[in-house]
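Data first, discussion second: the structure below is written as structure tokens.
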Amino acid sequence: MATTRVRHPPRDFGELVDIHQTEILRYLRRLTGNPTTAEDLFQDTFLRAFGGFTRLRPGSNHRPWLYRIATNLFLNHRRSDGRRVEVALTPELPSNGASPSTAHDGAVALAALRLAIGRLPRRQRAAFMQRQLHGLSYREVGAAIGCSEAAARANVYQAVRRLRRELSSPG
Amino acid sequence: MICDLFVRQLDRLLTGDLRVTTVAVMRRHAAGCGPCGLEWGRMHGLRDVLVTVADDEPDARAVRRARALLRSAFDRAGHPVIRFVRLQTPVGILFVGATDQGVCDVTFGQSSERRYRERLLRRSPEVWRDDTGLAEVTEELRAYFARELTRFSLPVDLRRVTPFTARVLRETRNIRFGQVTSYGALAARIGSPGASRAVGGALGRNPVPIIIPCHRVIAQSGRLGGFTGGLGTKRTLLGLEGVPLL
């Protein structure tokens, strides 16, 4: 998990960007499956965050707050690339240290997973990514997608169930 | 019955929300039950793929690119990167801030670097002290206070002021070292005779005093008028330029 964890809150906005830029960019790339769209949403996320940063109460948890801004922008983003979005989970296929056939199997499994994640409803996709790949707690997921902790949990489980069904059904 | 339970718990296996003891019970069940064993295997397959995904290398180049784009987006939205210097001058400590376009702020009477930076941070996400990068600013101001320089060549960034204020300030830049003019005369020069009060207001919003010499504008009567840095500073600056005062 390539998440930067810091114990102290960011001293200023620049530090907030330094701390969270990598994970937010990766989150948006994973969600949208499109590096250009992700870059646009990345800019919008931090521009919005800048407006709200000074109004944030001391002791606020910036991380779910940023995920919430990014998620809202993603949810409101016009679907311009058609209904099915292929989710880019990793920039390159795994190649190091794996035998050709293993690498191939891995690539196939990864491609199938990408497609399946891309077919998830957007809210479920966001909740699933936050929980499985970004390590947010259910409470933080709830804060980020704007629902209760229980509803966040339900969203993640629904996503897992769908993925499991999609990936186990032949074809 | 146990199969029902197994299937109901299966999704939580992936999210890691199950107790170790529950996982052990499920593992035992999967070992002895054909269909559940298959599901167990698939779930672990899914988990393995997810692990490779979660371990992907941070794409440093993509992050650098996104950060550069973010910087220009902030710049376009009126929040440019600001670098600043702290100078000791005959009128006290001066903080001078600059964007890529030019000097955007000159502040008098602030002694705390932290507080100055905090103020700038309300309008820019990136603010830092840069003595080397702003050496030219330091040098021109030093030369001005030493009376070696009578005309600043430093560019200014007036993006934050209204068009009217910018017009007043650009005209003010033409007033030469050691000369003074009145609010009314300046108003006439920008083509708004009678707007001397508005001109006074615009000068009061000059973000870059000294470099744009609003101290060279005084009242018709010969009285000093106003100055953001205080009338004492205005008097000192005019004295330095050799202007005889009432």
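Note that the structure is a prediction, hence the values are computed from the model and not measured. Below, all heavy atoms of this structure are taken into account, side chains as well, without hydrogens, waters or symmetry copies. Convention: sequence-line order gives letters A, B, ...; per-chain numbering from 1.
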If you measure only the distance, is there a donor-acceptor pair under 3.5 Å linking the side chains of B:Thr107 and B:Arg119?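 Yes, B:Arg119 and B:Thr107 have a side-chain donor paired with an acceptor closer than 3.5 Å.
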Chain B heavy atoms under 4.5 Å from A:Leu47: which part of the residue, side chain, backbone, both or neither?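 Its backbone and side chain both get close to chain B.
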Measure distances from A:Phe53 to the heavy atoms of chain B and classify the residue's part below 4.5 Å as side chain, backbone, both or neither.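 Contact with chain B is absent: no heavy atom of A:Phe53 under 4.5 Å.
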Can you name the residues that form a side chain to side chain donor-acceptor pair (under 3.5 Å) with B:Arg122, not counting sequence neighbours?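 Result, side chain to side chain donor-acceptor pair (under 3.5 Å) vs B:Arg122: none returned.
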Under a 4.5 Å heavy-atom cutoff, which of A:Arg153, A:Gln158, A:Arg131, A:Gln21 has the most pairs with chain B?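 Highest number of pairs under 4.5 Å: A:Gln21.
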Using non-hydrogen atoms and a 4.5 Å limit, figure out which bit of [X] sits close to chain A: side chain, backbone, both or neither.
X	result
B:Leu121	both
B:Ser124	backbone
B:Ala73	both
B:Arg117	side chain
B:Glu39	side chain

Ion pair A:Arg26/A:Glu23, N-O distance below 4.0 Å: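 Looking at A:Glu23 together with A:Arg26, the answer is no, because their closest N to O distance does not fall below 4.0 Å.
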May I ask you to say whether B:Arg71 pairs ionically with B:Asp100, meaning some side-chain N is under 4.0 Å from a carboxylate O?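 Salt bridge absent between B:Arg71 and B:Asp100.
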Taking atom CZ of A:Phe46 and atom CG of A:Leu16, what is their separation to the nearest 0.5 Å?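 So the CZ of A:Phe46 and the CG of A:Leu16 are separated by 6.0 Å.
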Which value, rounded to the nearest 0.5 Å, describes the distance between A:Asp40 atom CG and A:Thr45 atom OG1?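 Rounded to the nearest 0.5 Å, the CG-OG1 separation comes out at 10.5 Å.
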Under a 4.5 Å cutoff for heavy-atom pairs, which residue among B:Glu118, B:Glu126, B:Arg123 has the most contacts with chain A?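 Maximum pair count with chain A is reached by B:Arg123.
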Parallel, tilted or perpendicular: ring planes of A:Tyr27 versus A:Tyr67, cut at 30 and 60 degrees: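 Perpendicular.
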